[in-house]
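Data first, discussion second: the structure below is written as C-alpha cells.
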Amino acid sequence: MSRQRSRRVELPPAQENIEKLEKVVNEGNYYGAQQMYKSISARYVSAQRYTEALDILHSGTCIQLSNGQVTCGAELALLFVEILGKGKVPYDEEILERLKKIYISFPRVALPQHLWDVDDMQQLSESIGSAKTRVEGCSSFLKAAIKWSAENGAGINGSPELHIMLAEYIFSESPEVDMAKVTYHYVKGNNPKKFATTLVSFLGKCYPGEDDLAIARAVLRYLSVGNLKDANILMDEIKTQVESAEVTFPKTELMQFINYLLRTLERDALPLFNMLRANFRPSIEREPAFNEMLDDTAERFFGVQRKNPMGMFGDIFKLMGAE
C-alpha cells in the first residue's frame, strides 16, 4: 500500500511530460515520442490518475496528427477513448469538445474529383493509399468514441454529434464514397440540414442513376426508425439547396414514390401505403435494402408485424429461446 502511494507521488504533474514530449515531436522524432506517450500515460493509468493520462494522450494525439502522423495519432486517439472507459468518465459537453478537437486534427487532403483524370498513376496510388489510411484511422477512433458514449450517458445510439463527424469525414475523405455508410451515421445524428448539404454536394458529382438512390436511401433510413420529421426536413432542404447550388433535382419514378410516401405517412393510410409499394415496385427494387426499410417503416407507422423469414420454424425457435 505504501509502495503504491509513493509511486503516485513520484509522478510529476502531467503538464511537465506534455511539454517534454512536444519537444520530442517538434524535433521530428515521431516514433520515439509515440512510444513515450504510450508508456508515460500508462504510468498515470496504473496510478489511477486518469485525468492526467487523458491530458497527455489528448496532447499527443493532436500534435501527432497536426504533423501529419496519422497512424501514430489514430493509435493515441484510440488509447484516449480506452482510458475514458477505464476511468469511467461520463459523457458530457467538455469531453465532446475534446473528442471534436481530435477529429478536427485529422488531416483533410482534397483528392481529384475524377480520379481517372490524373496522369501520374504512382502519385494517384499513393494519394489513394494515404486517403484510406486517414479514413480508417479517423473511423476507428470515432466508432470507438461512439461506443463509449453510448455506454456512458449519450443514449442508446451514442452521441449524435460524433455520428455526424464520422459521416462528414467518410464523405469528404474517402477515395470512393460509400453513401450507405454516410447515410447510416447522418441518420443517427441530429442535423438533417447538414445531411442535405452533403447530399446536394453528392448530386453534383455522382454517376448517373446514383442521385435519386442516395436521396431515397436517406429518406427511407429516417422513416425506418420512425423519424418522419427529419425525413421531411431533409427533403425540403435538398429542394431548397439545389436551386442555389445549380444542381438538378432528379425527376424519376423513385422520387415520385418518396414524395407520395411522405404524404401518406402523415395520416393513418395503410392501404395507400401498400398500394404505393405495389405500384412503384420496379423503382423500389433498384436497391434491395429499400424493401427491408419499408417493412420497418410499416411496423413503425402502422403497427404491421414483420414476417419471420423462417416461418413456423422461426416462431418455434423464438418460443424455445423465451423459455
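Position 1 is the first residue of the sequence; numbering continues from there. Please read all numbers here as calculations on a predicted model, not as lab measurements.
- Remark: E292 engages no residue in a side-chain hydrogen bond (donor to acceptor under 3.5 Å, both in side chains) (not counting sequence neighbours).
- Formation of a donor-acceptor pair under 3.5 Å by the E210 side chain with backbone atoms of Y207 is found in this model.
- Residue E285 places its CD atom among more than 12 non-hydrogen atoms of other residues, nucleotides or ligands, all under 6.0 Å distant.
- A continuous path of Ile, Leu, Val, Met, Phe, Trp and Tyr side chains, each step under 4.5 Å between heavy atoms, connects Y260 with I215, placing both in one hydrophobic cluster.
- Atom-to-atom distance recorded for R43:CZ and I56:CD1 is 9.5 Å, nearest 0.5 angstrom.
- Between L96 and L162, the closest side-chain pair of non-hydrogen atoms falls below 4.5 Å.
- The two residues T297 and L220 come nearest to each other via the heavy atoms OG1-O, 4.4 Å.
- One finds a salt bridge joining R286 and D212 here, because a Lys/Arg side-chain nitrogen approaches an Asp/Glu carboxylate oxygen to under 4.0 Å.
- From T240, atom OG1 reaches atom CD of E237 across 5.5 Å, with rounding to the nearest 0.5 Å.
- L78 and L21 fall into different hydrophobic clusters, where Ile, Leu, Val, Met, Phe, Trp and Tyr are joined by side-chain heavy atoms under 4.5 Å apart, directly or via other members.
- Listed here is the closest heavy atom pair of N17 and P12: ND2-CG, 3.7 Å.
- In E253, the CD atom is not crowded: 12 or fewer heavy atoms of neighbouring residues, nucleotides or ligands sit closer than 6.0 Å.
- No more than 12 heavy atoms of other residues, nucleotides or ligands shown are found within 6.0 angstrom of CZ on R281.
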Subject >> Worked verdict on Y30 versus V24 for side-chain contact (heavy atoms from CB on, under 4.5 Å) >> reply: CA-CA 7 Å; Y30 304 117; V24 177; over 6 Å; no

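- Atom CG of L166 is separated from atom CD1 of I146 by 5.0 Å, given to the nearest 0.5 angstrom.
- The shortest non-hydrogen separation linking P282 to N279 is CD-O, 4.3 Å.
- Here D92 does not pair with R98 in a salt bridge; the nearest charged N to carboxylate O distance is not below 4.0 Å.
- Transitive grouping of hydrophobic side chains (ILVMFWY, heavy atoms separated by less than 4.5 Å) brings F290 and L262 into a common cluster.
- In terms of heavy-atom proximity, L99 sits nearest to F80 at CD2-CE2, 3.8 Å.
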**OP:** Kindly determine whether L234 and L199 satisfy side-chain contact (heavy atoms from CB on, under 4.5 Å), including the steps that lead there.
**Re:** CA-CA 9 Å; L234 180 78; L199 282 170; 4.0 Å; yes

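- Here K23 does not pair with E27 in a salt bridge; the nearest charged N to carboxylate O distance is not below 4.0 Å.
- Taking CH2 from W148 and CD1 from I95, the interatomic distance works out to 5.5 Å, rounded to the nearest 0.5 Å.
- Counting only N and O atoms by type, the side chains of N232 and E266 include a donor and acceptor under 3.5 Å apart.
- Shown here for I164 and G189, the closest heavy-atom pair between the two residues is CG1-CA, 3.9 Å.
- Ion pairing between a basic and an acidic side chain is recognised when a charged N comes within 4.0 Å of a carboxylate O; E136 and K132 show no such pairing.
- A donor-acceptor contact closer than 3.5 angstrom is absent between the side chains of E151 and Y91.
- Salt-bridge annotation for D295 and R277: present, with a side-chain N of the basic residue lying under 4.0 Å from a carboxylate O of the acidic one.
- Counting heavy atoms from C-beta outward, L54 and V89 have side chains that approach closer than 4.5 Å.
- Judged by distance alone, the side chains of N227 and R221 never bring a donor and an acceptor atom under 3.5 Å apart.
- Hydrophobic cluster membership differs between Y31 and I63, with clusters built from Ile, Leu, Val, Met, Phe, Trp and Tyr side chains linked at under 4.5 angstrom.
- For the pair R217 and F202, the cation does not sit on the ring face, since its NZ or CZ is not both under 6.0 Å from the ring centre and inside 45° of the axis.
- By the neighbour-count criterion of 12 heavy atoms within 6.0 Å, atom NZ of K101 is sparsely surrounded, having that number or fewer from other residues, nucleotides or ligands.
- Put simply, the side chain of S139 gets close to the backbone of V135: a donor and an acceptor are under 3.5 Å apart.
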**OP:** Starting from the C-alpha separation in whole Å, work towards a yes-or-no answer on side-chain contact (heavy atoms from CB on, under 4.5 Å) for V187 and V225.
**Re:** CA-CA 9 Å; V187 171; V225 295; 4.2 Å; yes

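- With contacts defined as side-chain heavy-atom distances shorter than 4.5 Å, the pair E168/K194 qualifies.
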**OP:** For the pair Y44 and Y50, evaluate ring-ring contact (aromatic ring centres under 6.0 Å, His included) and give the outcome as yes or no after the intermediate values.
**Re:** CA-CA 7 Å; Y44 286 85; Y50 297 112; over 10 Å; no

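- The two residues L65 and P107 come nearest to each other via the heavy atoms O-CG, 4.0 Å.
- Formation of a donor-acceptor pair under 3.5 Å by the N29 side chain with backbone atoms of V25 is not found in this model.
- A side-chain N or O of T197 and one of Q241 form a donor-acceptor pair less than 3.5 Å apart.
- Applying the ring pair (Phe, Tyr, Trp, His ring centres under 6.0 Å) test to every pair with at least one member in residues 150-186, sequence neighbours left out, gives these pairs: H163-H185, Y186-F195.
- Cluster annotation: I233 is not connected to V242 through the hydrophobic network of ILVMFWY side chains, with a link wherever side-chain heavy atoms come within less than 4.5 Å.
- Of the possible polar contacts, one joining the D178 side chain to the A180 backbone as a donor-acceptor pair under 3.5 Å is found.
- A heavy-atom distance below 4.5 Å is not found between the side chains of K100 and E161.
- Note that CD1 of I104 and OG of S66 are 13.0 Å apart. Values are rounded to the nearest 0.5 Å.
- Side-chain atoms of S140 do not come within 3.5 Å of backbone N or O of G137 as any donor-acceptor pair.
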Subject >> Derivation and outcome, side-chain contact (heavy atoms from CB on, under 4.5 Å), residues E176 and I128 >> reply: CA-CA 9 Å; E176 293 183 19; I128 291 173; over 6 Å; no

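- Although no hydrogens or angles enter the test, the distance criterion places no donor-acceptor pair under 3.5 Å between the side chain of R267 and the main chain of L265.
- No side-chain heavy atom of V219 sits less than 4.5 Å from a side-chain heavy atom of L261.
- Side chain of S149 to backbone of A154: no donor-acceptor contact under 3.5 angstrom is found.
- Note: R134 CZ to S130 OG = 6.5 Å, rounded to the nearest 0.5 Å.
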